[in-house]
Amino acid sequence: MRATDAPSEIESHRPTRLLKIEADGDSWKRSIKPKIRLMGRRLERAGFRPGNHVHVTCVAPGVIELRSDDSLMLNETKQSSPAHIKQPF
C-alpha cells in the first residue's frame, strides 16, 4: 500500500456506529419516509449542543454532512486569538 492510499490518523480514529434507517409516517396513507435518529454522547462529543441549529447537506448519494453554526463560530474564535500574545488579565 502506498502512503497516499493509507487513511490519515484522524480518519483511522473516527468511531463509527451502524444506525438503522427507520420508516416514519402512515402506511395507510402511503406516506412513509426514511428517518435516522441521532442522540446522546456522540453528538455532544462532536460539538452539538441542545438548542443548536444544524445545517444538513447531501454531499453525495448516501453521504450526509452535519454542521453546527455554534461549533463553526467556536473554531473561528479559537483560531483568531493567537496563543503567543500575552493577555494582561
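Bear in mind the structure is a predicted one, so any value in this text is a computation, not a measurement.
For the atom pair CZ of Arg42 and OG1 of Thr16, the computed distance is 7.0 Å after rounding to the nearest 0.5 Å.
Taking Arg37 as the reference, Glu22 meet the side-chain hydrogen bond (donor to acceptor under 3.5 Å, both in side chains) condition, with sequence neighbours excluded. Remark: Leu38 engages Leu19, Ile36, Leu43, Leu66 in a side-chain contact (heavy atoms from CB on, under 4.5 Å) (not counting sequence neighbours). For Ser31, the side-chain contact (heavy atoms from CB on, under 4.5 Å) partners at least two apart in sequence or on another chain are Asp26, Lys29.
Looking at every heavy atom in both residues, Asn52 comes nearest to Ser68 through ND2-OG, 3.4 Å. Here the closest non-hydrogen pair linking Ile32 and Ala23 is CG2-CB, 3.7 Å.
Note on Phe48 and Ile64: same hydrophobic cluster, where clusters join Ile, Leu, Val, Met, Phe, Trp and Tyr whose side-chain heavy atoms are under 4.5 Å apart, directly or indirectly.
Other members of the hydrophobic cluster containing Val63, listed by chain and number, are Val59; membership follows side-chain contacts under 4.5 Å among ILVMFWY residues, whether direct or relayed.
Within the structure, salt bridge (charged side-chain N to carboxylate O under 4.0 Å, His left out) contacts touching residues 46-59 (residues at least two apart or in different chains) do not occur.
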